[in-house]
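Worksheet: the structure to be examined is printed underneath.
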Amino acid sequence: MRPAAQLYANGHDLKDPLLSPIYGDMHGFPPAILTTGTRDLLLSNTVRAHRKLKDAGVEAELNVFEAMSHGNYSADDTAPETHQAFGDIAKFFDRHLAK
């Protein structure tokens, strides 16, 4: 993964919060919903981001789906997890955008 991250960073520090928000200040962020799966390569980083948001006082929800990979919930519109994920996201938006 490191070569891909370095290519993405294009010479910038990999801990630059503009490249990876996990290294930034999350105080004042709007409410957030994070969706991932147990087979997501980025699961650990998603959990870290969720904790950092919570520690900054941000309302944050973390939804982890069994056996799903990164973004997999959006790839198959017939999967029960897809319906559940988008249902959760819609409820989240209804709660926060209706304010």
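Because only heavy atoms are used, hydrogens play no part in the values below, and waters and symmetry mates are left out as well, while side chains stay in.
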Check residues 21-36 and write down every donor-acceptor pair under 3.5 Å in which the side-chain atom is one partner and the other belongs to a residue at least two apart or another chain.
residue, atom, partner, partner atom, Å
Asp25, OD1, His27, N, 3.0
Asp25, OD1, His27, ND1, 2.6
Thr36, OG1, Asp40, OD2, 2.7

Exercise for review: Output the distance between atom CZ (Phe86) and atom CZ (Phe93), rounded to the nearest 0.5 Å.
Suggested key: 10.0 Å

Study note, to complete from the structure: Separation between NE2 (His70) and CG (Asn72), nearest 0.5 Å, reads 10.5 Å

**Study point:** CZ-CG distance between Arg48 and Asp55, expressed to the nearest 0.5 angstrom
**Key:** 12.0 Å

Exercise for review: Would you sort out whether Leu14 and Gln6 count as a side-chain contact (heavy atoms from CB on, under 4.5 Å), showing the intermediate values?
Suggested key: CA-CA 7 Å; Leu14 291 173; Gln6 289 172 328; 4.2 Å; yes

Study note, to complete from the structure: When rounded to the nearest 0.5 Å, the distance separating CG of Leu97 from CZ of Arg95 is 10.5 Å

Exercise for review: Report the C-alpha distance between Leu53 and Glu59 in whole Å, list the side-chain angles of each, state the deciding distance to 0.1 Å, and finish with yes or no for side-chain contact (heavy atoms from CB on, under 4.5 Å).
Suggested key: CA-CA 7 Å; Leu53 286 162; Glu59 181 185 338; over 6 Å; no

Review point. Is there a donor-acceptor pair under 3.5 Å between the side chain of Ser20 and the backbone N or O of Pro17?
Key: no

Revision key, fill the gap. Rounded to the nearest 0.5 Å, the OG atom of Ser69 sits from the CG atom of Leu42 at a distance of 10.0 Å

**Study point:** Spacing of CG belonging to Asn63 relative to OG1 belonging to Thr46, to within rounding of 0.5 Å
**Key:** 11.5 Å

Check your understanding: Would you say Thr82's side chain and Thr78's backbone share a donor-acceptor pair under 3.5 angstrom?
Key -> no

Study note, to complete from the structure: Between Phe65 and Gln84 the two heavy atoms that sit nearest each other are CE2-OE1, 3.5 Å

Practice item. Tell me whether Ile89 is reachable from Leu43 by hopping between hydrophobic residues (I, L, V, M, F, W, Y) whose side-chain heavy atoms are closer than 4.5 Å. Key: no

Exercise for review: Can you see which heavy atom on Leu19 is nearest to which on Ala9, and at what distance?
Suggested key: CD1-CB, 3.6 Å

